[in-house]
Amino acid sequence: MSEITPQEPAPLSESEIVAARRAKLKRFRDELGFEPYGNRQDGLLSCAQARACFCEAAHSTFDASSRAAKAAKVAGTEAAAVVDTRTRAKIAGRVVQHRDMGKLVFLSLRDATGDIQISVSKAAVKENEWELAKATDYGDILLAEGPVGRTQKGEVCIWAEGVDLGAKSLAPAPEKWHGITDPELRYRRRYVDMYANPETAKVFAMRARIVSRIRRYMDDRGFLEVETPVLQSIAGGAAARPFTTHHNALDMPLFMRIAPELYLKRCLVGGMRKVYEINRNFRNEGIDRSHNPEFTAMEVYEAFGDYGTMMVLIESLIHELAVSMVAERTDAGLRAEADGPMLPWGEMNINYAAPFVRVKYEDLFRRGVGVEMRDFAAVRAKARACGLHHEAKLDDWLVVNELFEELAEPLLDPCRPTFVTDYPSAVSPLTRPSRTDPVLCERWDIFIGGMEIGPAYTELNDPDIQLSKFTEQMKGADDEESTFRTLDEDFIDALRVGMPPAGGVGIGIDRLVMLLTDSASIRDVILFPLLRTVAPRDGEASHGAQENKAQSEKSAMQKHEGGAHA
RNA sequence: GAUUGCGUAGCUCAGUCGGUAGAGCAGCGGCCUUUUAAGCCGCGGGUCCUGGGUUCAAGUCCCAGCGCAAUCACCA
């Protein structure tokens, strides 16, 4: 790896900007004696820490005493020594501003914590350091060391007494004011987006804290975090198309999981009382503002709980997260309102006050559709009146559900988190029917901002009912679906061993992060969202592209070999 | 998968009725020791997404394709 000798491959198509940067790299190394790709550095402060080092008293003491010394020098009198008690800081950051005043250069360096200005004076640094500061490009990573003071305009500034090169950047930098705005570029070159648009980096820092708070919340309540297979020979636990893959040595077809559900339930059978997994799922389906083919969810199961247990758990979790976001996002002028934490989401202002709204499916249906959902004649009449033309082909309950989605769901207030409870059994085939009314099942869905954040169930743990429902479901699957649906007999076996009654819930973490960080698209909260690959143009066949090609050829060969060995 | 919109310099964007391709930033050369998107003087930089077509002439009009976005469909 380290044996690659530095050289100038300089493809013909290279732009003059890149050529200029390469020339500088060479100059920094050969003439100025800097290592363009840096070395270990100890004792670095972050930009935010360095800014926090500023002390007004030390600054004014230094300012006064150095002015006195200067005056004394002019007057030719004896002066007291300059008093400098300013804190010194050593920082590293990417150059995002470069203002060259002649014999004084102002630079803004940026790291994940923010920006800090440094000033490099010709008189204060070594000759080669001065030349480096003069010639450095936007995007280079620099190190600076010196006292933390202030400029005449009041900006906190490190008055550099030493400058070093952390890493030379060869890439043309984005516009220093607008950053990059083209969403495609932002997703494809996220590493540029992250430094050019500090908002991006901020969202991902918030995401990390949200996920960490979720973990702490679950851990504090005695839930055990587990990890279950991503590669599954039967992709169960949800109705979705899986991605397919293949294990060479075992010569076995495999699926990427669409849900961890069936494995987490096995954990309950094994004796875990409370489990959760923050899990990446993969679903081979369309992409839009709230769907990415791989997404993060949290699934939770609690033995001897039910869907009500899960409601209390999730309501308080989301409420707590909202409270902490209000506290954290002071920049957005947020505060805890008397009637609950409010967070903006696009044009909306969502009120996370607990308790959340609760509405029964049947009641919402009555309000939205205007007829009783169990009165199928009235339901069908209404469907026809609404122009639901394929109504005749549908099962009664499917018509109910279509009308519900069309006419009742829009009644939900997107600005209030809402639990819709007690769905008809017929539309949730794998759910346990209600103890009091078998037409209904013990399930809720939580909606926030018009998005479905997740469902919860009182889990089905009767192996015989589970088996017959699975079988029934597979009969209804069309050809394409049935290719992916296989009866998970081992799971039925597990239920036969005996699974305690349980409540379970799945929460879409990406969507929750969208809401909490005011992000419009799921791609804004996923670091590297899936994009179509784009063929490199002629003359642009870069190193990376060739490598990729070589790699895919290699893996194709391996696959071939795997097949041959079988 | 369908519909609509967008694709112009490294980046952010103009480009009129079809008539020689523009600006700011970035880059290169010069000046400048307190700037805040610093400023001033000068210079270079284009596969107008790709391929066809119409036309004397296409960044601009038409067709097809590619990519992205939005909406819908599929889907939790």
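What you see is a predicted model, and the numbers here were worked out from it, not measured in a lab. Per chain, numbering begins at 1; letters A, B, ... match sequence-line order.
Whole-Å rounding puts the F62(A) CZ to rU34(B) P distance at 16 Å. At whole-Å resolution of the value, CD1 in I180(A) and C1' in rC13(B) are 15 Å apart. What separates CG of N292(A) from P of rC68(B) is a distance of 12 Å, to the nearest Å. The distance from atom CE of M101(A) to atom P of rG39(B) is 10 Å, rounded to the nearest whole Å. Going from atom CG of L107(A) over to atom P of rU33(B) covers 16 Å, rounded to whole Å. With rounding to whole Å, R186(A) atom CZ is found 21 Å from rG10(B) atom P. Spacing between atom CD of E405(A) and atom P of rA73(B) amounts to 10 Å, rounded to whole angstrom units. Spacing between atom NE2 of H178(A) and atom C1' of rG24(B) amounts to 9 Å, rounded to whole angstrom units.
If you take atom P in rA21(B) and the same atom in rA26(B), they sit 26 Å apart, rounded to whole Å. Between rA57(B) and rG1(B), the two P atoms lie 37 Å apart (nearest whole Å). The P atoms of rG24(B) and rC40(B) are separated by 10 Å, rounded to the nearest whole Å. Spacing of P atoms, rC61(B) relative to rG15(B), comes out at 12 Å, to the nearest Å. Spacing of C1' atoms, rU33(B) relative to rC68(B), comes out at 47 Å, to the nearest Å. On the P atoms, rA69(B) is 15 Å away from rU12(B), given to the nearest whole Å. Between rU60(B) and rU54(B), the two P atoms lie 15 Å apart (nearest whole Å). Using atom P as the reference point in both rG42(B) and rG59(B), the two lie 31 Å apart (nearest Å).
Here G508(A) lies out of heavy-atom contact (under 4.0 Å) with every strand. Residue contacts for F295(A): at a heavy-atom cut-off of 4.0 Å it reaches no nucleic acid atom on any strand shown. Within the nucleic acid shown, R188(A) comes within 4.0 Å of sugar-phosphate atoms alone, with no base atom in reach, counting heavy atoms only. Residue-level contact check: D288(A) touches the bases, meaning some heavy atom is under 4.0 Å from a base atom. Across all strands shown, A259(A) has no heavy atoms under 4.0 Å from either base or sugar-phosphate atoms. At the heavy-atom level, Y138(A) lies under 4.0 Å from the strands shown only through sugar-phosphate atoms. Looking at heavy-atom distances under 4.0 Å, W159(A) makes contact with a base. Among the atoms of the strands shown, none is found under 4.0 Å from any heavy atom of I453(A).
Contact annotation: Q97(A) does not reach the phosphate of rA37(B) (side-chain N/O to OP1 or OP2, under 4.0 Å). Regarding contacts with the backbone of rC25(B), every side-chain N or O of K176(A) stays at 4.0 angstrom or more from both OP1 and OP2. Between T181(A) and rC13(B) there is a side-chain N or O to OP1 or OP2 distance below 4.0 Å. Side-chain N/O atoms of K24(A) include one lying less than 4.0 angstrom from OP1 or OP2 on rC28(B). Dashed line: the shortest gap from a side-chain N or O of S15(A) to OP1 or OP2 of rG10(B) is not under 4.0 Å. For the pair R289(A) and rA70(B), the criterion of a side-chain N or O lying under 4.0 Å from OP1 or OP2 is not met.
Distance from the side chain of I17(A) is smallest for rG10(B) among the nucleotides rU36(B), rC32(B), rG10(B). Side-chain proximity of R523(A) to the nucleotides rA73(B), rG27(B), rA70(B) is greatest for rA70(B). Comparing rA38(B), rC75(B), rC11(B) by their nearest atom to the side chain of A240(A) picks out rC75(B). Among the nucleotides rC25(B), rA70(B), rU36(B), the one closest to any side-chain atom of E175(A) is rC25(B).
Contact check on E285(A) versus R241(A) returns no salt bridge, with no Lys/Arg side-chain nitrogen under 4.0 Å from an Asp/Glu carboxylate oxygen.
Between H178(A) and T181(A), the shortest heavy-atom distance links the atoms O-CG2, 3.8 Å.
rG5(B) and rC68(B) make up a base pair, with Watson-Crick or G-U wobble contacts both under 3.5 Å. Under the Watson-Crick or G-U wobble criterion, with both distances below 3.5 Å, rC48(B) is left unpaired in every strand shown. Pair assignment for rC31(B): rG39(B), on the basis of Watson-Crick or G-U wobble contacts that are both within less than 3.5 Å. The partner of rU54(B) is absent, by the rule that a Watson-Crick or G-U pair needs both atom distances under 3.5 Å. Using the Watson-Crick or G-U wobble rule with both distances under 3.5 Å, rU60(B) pairs with nothing in any strand shown.
Remark on RNA chain B: of its neighbouring residues R99(A) and L104(A), the 5'-side contact belongs to L104(A), judged by nearest-heavy-atom nucleotide. Of the two residues near RNA chain B, T151(A) and R189(A), the one whose nearest nucleotide lies more 5' is R189(A).
With hydrogens and angles ignored, the 3.5 Å screen pairs a side-chain donor or acceptor of R21(A) with a backbone N or O of A171(A). Between the side chain of D111(A) and the main chain of S46(A), no donor-acceptor pair closer than 3.5 Å is present. In this structure, R280(A) contributes its side chain and E294(A) its backbone to no donor-acceptor pair below 3.5 Å. Checked by atom type and distance alone, the side chain of S65(A) pairs as donor or acceptor with a backbone atom of V83(A) at under 3.5 Å. R94(A) places no side-chain N or O within 3.5 Å of a backbone atom of A196(A) that could act as its donor or acceptor partner.
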Legend entry - Worked check of salt bridge (charged side-chain N to carboxylate O under 4.0 Å, His left out) between R207(A) and D510(A): CA-CA 9 Å; R207(A) 177 176 178 135; D510(A) 309 288; 2.9 Å; yes
